[in-house]
Amino acid sequence: MAAARRAGYDVAMPELPEVETVKRELEPWLTKRKIIRAERGPDAPAGPKYAGLERAAGQTIEAVTRLGKFIVMPLSGGDELIVHLGMTGTLGAELPRDHLRVAVELAGRAPRTLYFRDPRRFGRFLVAPDGDRSALPTLAKIGPEPLEASFTPAVFAAATSRSGMGIKALLLSQRAVAGVGNIYADEALWRAKIHPEAPANQLSKARIAALQQAIVEVLRASVEARGTTLRDYRRVDGERGEFAAAIQAYGRDGEPCVRCGKTLARLVVGQRGTTYCPSCQRLPKGG
DNA sequence: CGCATTTCCTGGTAGC
DNA sequence: TGCTACCAGGAAATGC
């Protein structure tokens, strides 16, 4: 039952609005700060997820930017510090009680340490030469930023017309647009009245334009609410985002569609739980 | 290259 | 109380 699943399993993975909120909170703290050293935590997994941390020492953080769900900090020595929060990663100034993966010691005024906590180890925190994104293929091929003017219906239509994938799978791939994950994919598709498994290249220009607009609107509204907190996601200050109250589709299967009253259904798309309205969101040509 | 499938990983929960 | 089984999922790795 949906209510039980929400109580038990809902996890708010950081998507664009959550990462944007984190980025805004980090910006005044970290910009122009010199890094003394960046170190793996006691049980950070070895390997590429935490590569190159030793490179950060002595470099200054020039800016805190965001590309999709990635936080990208250009460093003065020609490197980039790149963070992906995964599903449960958090950044903050307080020493976490457990699951500490990275600590970055800063010169100058307090707070002087940035901590990366990541219980489920899906996150990444690495340093690489500027522009070398070979360790992050998704970032290397990431689609347009949905909240920038360059994300137009025509640009989006060009991307969707090239793919025969189901539209939700394409959204989650990050290639057609950056920053949309499971929650906002379900929300945008519900708003645009598009079935999650509709082949991307079979959607009409009008449907694509509606989806482009829905993506922009839902992300913009959530950024304003400082993201969605269902359970795991916390802002840098530990507070919750407030967009959860505005969720109309994600995780509401078994409950009535607020638009037509029919019961929202659930299916699995690319291993992701997916909620949609079988009445409002129909496959093209399907009736 | 495109796309599908598998893997990574822990915490919460149901059920016993 | 403590155990097992299972489920949540973004991106990378792997397979065709």
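Remember, predicted model here, so these are calculated numbers, not experimental data. Chain letters run A, B, ... following the sequence lines, proteins first, then strands; residues in each count from 1.
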- Message: I'd like to know whether the aromatic ring centres of A/Phe125 and A/Phe116 sit less than 6.0 Å apart in this structure.
- Response: yes
- Query: Under the criteria of a ring-centre distance below 5.5 Å and an interplanar angle below 30°, is A/Phe122 stacked with the base of C/dG9?
  - Reply: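 Yes, aromatic ring over the base.
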For the side chain of [X] and the backbone of [Y], is there at least one donor-acceptor N/O pair under 3.5 Å apart?
| X | Y | value |
| --- | --- | --- |
| A/Arg252 | A/Gln248 | yes |
| A/Glu187 | A/Ala249 | yes |
| A/Ser163 | A/Met165 | yes |

Between atom [atom1] in [X] and atom [atom2] in [N], what is the gap in whole Å?
| X | N | atom1 | atom2 | answer |
| --- | --- | --- | --- | --- |
| A/Arg124 | B/dC8 | CZ | P | 13 Å |
| A/Leu139 | C/dA13 | CG | P | 14 Å |
| A/Asp98 | B/dT10 | CG | C1' | 11 Å |
| A/Ile167 | B/dC3 | CD1 | P | 12 Å |
| A/Met87 | B/dT7 | CE | C1' | 14 Å |
| A/Asn201 | B/dC3 | CG | P | 9 Å |
| A/Leu171 | B/dC3 | CG | P | 14 Å |
| A/Ile82 | C/dA12 | CD1 | C1' | 15 Å |

Short side-chain N/O contact from [X] to OP1 or OP2 of [N], under 4.0 Å:
| X | N | value |
| --- | --- | --- |
| A/His99 | B/dC9 | no |
| A/His84 | C/dA11 | yes |
| A/Lys141 | C/dA12 | no |
| A/Tyr250 | C/dA8 | no |
| A/Arg175 | B/dC3 | yes |
| A/Ser163 | B/dC3 | yes |

- Message: Regarding A/Gly273, tell me which of base, sugar-phosphate or nothing describes its non-hydrogen contacts under 4.0 Å with the strands shown.
- Response: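 If one applies the 4.0 Å heavy-atom cut-off, A/Gly273 turns out to touch the sugar-phosphate alone, with no base involved.
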- Describe the nucleic acid contact of A/Gly164 in one word from base, sugar-phosphate, nothing, applying a heavy-atom distance below 4.0 Å. sugar-phosphate
Heavy atoms from C-beta onward define the side chain here; which of [options] lies closest to that of [X]?
| X | options | result |
| --- | --- | --- |
| A/Gln271 | C/dA8, B/dT6, C/dA12 | B/dT6 |
| A/Arg266 | B/dA4, C/dA8, C/dG9 | C/dA8 |
| A/Met165 | B/dA4, C/dG9, C/dA12 | B/dA4 |

- Item | Residue closer to the 5' end of DNA chain C, A/Glu15 versus A/Pro48 (nearest nucleotide) |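 With A/Pro48 and A/Glu15 compared, the 5'-side residue is A/Glu15.
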- Would you call A/Arg55 and A/Asp79 a salt bridge, using N to O less than 4.0 angstrom? yes
- Item | Presence of salt bridge, A/Glu18 and A/Lys69, under 4.0 angstrom |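 Looking at A/Lys69 and A/Glu18, the cut-off is not met.
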- Message: With hydrogens left out and only the distance checked, is there a donor-acceptor pair under 3.5 Å joining A/Arg120's side chain and the base of C/dA8?
- Response: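 Under the 3.5 Å cut-off, the side chain and the base do form a donor-acceptor pair.
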